[in-house]
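Contents: one structure, followed by commentary.
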Protein chains: 4
Amino acid sequence: MAKAPRRRGRPRSEKAQQAILDAATALLIEHGLDAVSMDELADLAGVSKATVYRWWPSKHALALDVLAVDWGAIRPPPRDTGTLRGDLRSILRPWVKVLPSRPYGAVIAALLAEAHMNPEFRALWRARFVDERRDPGRLALARAKERGEIPTGTDAELVLDLLYGAIYHRLLHGHGPMNERIVNAAIDIVLTGIAD
Amino acid sequence: MAKAPRRRGRPRSEKAQQAILDAATALLIEHGLDAVSMDELADLAGVSKATVYRWWPSKHALALDVLAVDWGAIRPPPRDTGTLRGDLRSILRPWVKVLPSRPYGAVIAALLAEAHMNPEFRALWRARFVDERRDPGRLALARAKERGEIPTGTDAELVLDLLYGAIYHRLLHGHGPMNERIVNAAIDIVLTGIAD
Amino acid sequence: MAKAPRRRGRPRSEKAQQAILDAATALLIEHGLDAVSMDELADLAGVSKATVYRWWPSKHALALDVLAVDWGAIRPPPRDTGTLRGDLRSILRPWVKVLPSRPYGAVIAALLAEAHMNPEFRALWRARFVDERRDPGRLALARAKERGEIPTGTDAELVLDLLYGAIYHRLLHGHGPMNERIVNAAIDIVLTGIAD
Amino acid sequence: MAKAPRRRGRPRSEKAQQAILDAATALLIEHGLDAVSMDELADLAGVSKATVYRWWPSKHALALDVLAVDWGAIRPPPRDTGTLRGDLRSILRPWVKVLPSRPYGAVIAALLAEAHMNPEFRALWRARFVDERRDPGRLALARAKERGEIPTGTDAELVLDLLYGAIYHRLLHGHGPMNERIVNAAIDIVLTGIAD
DNA sequence: CGGTAATCGAGACGGTACGTCATGTCTTACA
DNA sequence: TGTAAGACATGACGTACCGTCTCGATTACCG
């Protein structure tokens, strides 16, 4: 792999970047996106605001990184279990084990709002968050079709929306808990519903 | 019914209330919640900011009213069609006919974020928005159980989360369209999935 | 004495007027003009704001009345004592006995500021406050000229400005006390200064 | 003299400070203190309101600076002329030459009102305005006593109140003009009055 | 090993919205 | 008609945040 063509001048401080991410994570978890100011964040990170903005173009982009990093860390990468039911469980169960302990509902809602308003951020959001979560599901469904486990004509996107949508719905509206039992029941209903 | 005991003092201006709601509706549709300032809103309504704040404690509460009024207006109240499939269609199809033409995704996302941060607003949100939409679905499922159309043990809340969640998911993430065909397909999958 | 030609409708409440003046006096003494709001004042007087504005066109006009009434009450009307020194003392000494106990400096300063900005109020201020205080002094000086006590060419207005100005100066700037001894000394200096 | 130890961070913009003072001077002269809004002022100065409040705690403090700077600029510093009459003239005549052309009466009245209400501002006012003007007069009187020109027992403060008070009186109440002739006459009366 | 250049901290800056408050007017029901 | 109650338009207030900027100080490389 080619070495990065080392630019001149003082190199960026990896330590600063990490401090910013740590501070952002802590503050976002505790207060949510809107209640966190960039001044406060820079203070907590022991960093100047200019340094934050040198690395991230906006508060939203930073929050998205926090989300992606944190989520990425919790995910035991989905396995090919041989059955669609097993694959879906291996995808969804890690989420519901972690999500309740991290109040990211508020952050996700705020980023969704921003994605609706800001086309540039929307592209980032789709790529870094939506597709990142959806692709394993798409893969599992494709494999199931290949195996003849589900009809070839099944609308994979709809199946994902039913399952992911239910989880996001409870996460965002908070009207009920989300746990393994519920995830399993949801998977059962949907798989039964799409069987021949 | 007893006549309202007419309070003393100048009565509140219904015209002003309506002007505020109208202006808020127009601005929310056009710009989204965060991009609407209260000054701008009051200006457009031909009303003073103090008057807005006299009747709504915050921009969020006002937006919630806008949403409730607008959504309430579009709804041909769900009918008892005799079958669960018919009932669910009569509930969900009006939504998907109207939602795409009103970019409320951004507004709902912003209100969700606020509901996560602000306990008072959360209570309001649950009562005025979440339950208001869910209750017809709960009723339809209860009737279906009485008729023996679905097993008594069916988890009604989960069924609603699967259906509503799918719709909200597409509305909020915007990764795919939501239309009658999709709603019908979703209903079919879920009803098949919960049949004996 | 002819009875006032009783107008139709509910007669004005003299009690209300007095309550307003009393409340205004109390609040002005305690807080000064700018720190008193008309809502607060009406509340304390047990009166509606509309009633206040029916009798006084503005807060400043009301404050001017308070000042005039209060000042008028304290004044034993200046007597013709036979000498200019005696006349001036009988005019000025009542002021310095009462002024220190009533912190009207702030009120007078605020009204002066308003008089500078508002021509209508300026006329009121000149008539009700400035001339009301100056006229007795003018009279005393005119009598002294008639008696040959001071030269006919004496600039009476300047003499008054020296004496009144000194008192107002200490009242407004608060850099030193004002008492009978000082008033007497001031009168002595000025009378010596204008003697032949 | 030690070099100022250059603080870290972006240095304050002297240009902005000057623009604020210039704008404040212009607006105060044109409209008076109460009729000038901080928004308007910041706009005219081409500066944000936050910057104004960063350096001046209130509109009053800013107006005091304007007054001090403007007054300081007009003053040919009082000279030691050898006689008390000459000294007092050299102090007072510059004022009356400039004051009529600058409608600071309203501003001074407003600041007086504030000084009566606000202890912190009162201290500022005394130091920056009252004593600043009085000290040259005190000095002149002290010199005159040393020279034996006036009795040692003369109450210097009262003398200053008679002279300064007369000028402020006309400036504030506006019932008569103030010019060199009047100032000279006032000085003559008082000096005659305090002679042995 | 000294010059060059990008980064860092600190924090001031322009801009913009916030939610509150006070003034003086207006609109009702009641006296 | 006068009054209490209180809603109303207007407009300033002082605060907070965003994202940009300008400093001196720091830290690498490159010549």
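Proteins get letters first, then strands, A, B, ... in listed order; numbering begins at 1 in each.
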* 5′-ward residue of the pair D:Tyr53/C:Gly46 relative to DNA chain F ->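 Per heavy-atom nearest nucleotide, the more 5' residue is C:Gly46.
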* Take A:Ala50 and B:Glu14, find for each the nucleotide of DNA chain F with the closest heavy atom, and name the residue whose nucleotide sits nearer the 5' end. => B:Glu14
Taking atom [atom2] of [N] as reference, at what distance in whole Å does atom [atom1] of [X] sit?
{"X": "A:Trp55", "N": "E:dT7", "atom1": "CH2", "atom2": "C1'", "answer": "10 Å"}
{"X": "D:Leu27", "N": "F:dA12", "atom1": "CG", "atom2": "C1'", "answer": "14 Å"}
{"X": "B:Leu41", "N": "F:dA9", "atom1": "CG", "atom2": "P", "answer": "13 Å"}
{"X": "A:Asp39", "N": "E:dG11", "atom1": "CG", "atom2": "P", "answer": "12 Å"}
{"X": "B:Arg8", "N": "F:dA5", "atom1": "CZ", "atom2": "P", "answer": "6 Å"}
{"X": "B:Arg54", "N": "E:dC26", "atom1": "CZ", "atom2": "P", "answer": "16 Å"}
{"X": "B:Asp43", "N": "E:dT16", "atom1": "CG", "atom2": "C1'", "answer": "15 Å"}
{"X": "C:Lys49", "N": "E:dC21", "atom1": "NZ", "atom2": "C1'", "answer": "11 Å"}

* To do: Determine the contact category for D:Trp56: base if any of its heavy atoms lies under 4.0 Å from a base atom, sugar-phosphate if only primed atoms, P, OP1 or OP2 are that close, otherwise nothing.
  => nothing
* With a 4.0 Å cut-off on heavy atoms, is B:Val52 in touch with a base, just the backbone sugar-phosphate, or nothing at all? ->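 The residue B:Val52 makes no contact with any strand.
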Identify which nucleotide among [options] has an atom closest to any side-chain atom of [X], counting heavy atoms from C-beta outward.
{"X": "D:Arg10", "options": "F:dT20, F:dA4, F:dA9", "answer": "F:dT20"}
{"X": "A:Lys59", "options": "F:dA7, E:dG9, F:dC18", "answer": "F:dC18"}
{"X": "D:Met38", "options": "F:dA4, F:dG19, F:dC13", "answer": "F:dC13"}

* Respond yes when some side-chain nitrogen or oxygen of C:Gln17 is under 4.0 Å from OP1 or OP2 of F:dG2, and no when none is. =>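 Result: no.
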* Quick one: is C:Thr51 getting a side-chain N or O under 4.0 Å of the F:dA4 phosphate, OP1 or OP2? ->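 For F:dA4, OP1 or OP2 has a side-chain N or O of C:Thr51 closer than 4.0 Å.
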* Asked: Can you check salt bridge (charged side-chain N to carboxylate O under 4.0 Å, His left out) on A:Asp65 and A:Arg128, steps first, answer last?
  -> CA-CA 8 Å; A:Asp65 256 25; A:Arg128 303 277 319 269; 2.8 Å; yes
* **Worked verdict on C:His116 versus C:Trp125 for side chain to side chain contact (heavy atoms under 4.5 Å, CB included)** => CA-CA 10 Å; C:His116 274 267; C:Trp125 172 256; over 6 Å; no
* **Residue pair D:Leu112 / C:Leu112, side-chain heavy-atom distance below 4.5 Å** => no
* Any N/O donor-acceptor pair, C:Ser48 side-chain to F:dA4 base, under 3.5 Å -> yes
* **Check: A:Lys59 side chain, A:Leu33 main-chain N or O, donor-acceptor pair, under 3.5 Å** => yes
* Asked: Say you draw a straight line from OG1 of A:Thr25 to CD1 of A:Ile20; how long is it, rounded to the nearest 0.5 Å?
  -> 11.5 Å
* To do: Would you mind telling me which residue lines up with the more 5' stretch of DNA chain E, C:Asp34 or D:Val47, judged by nearest nucleotide?
  => D:Val47
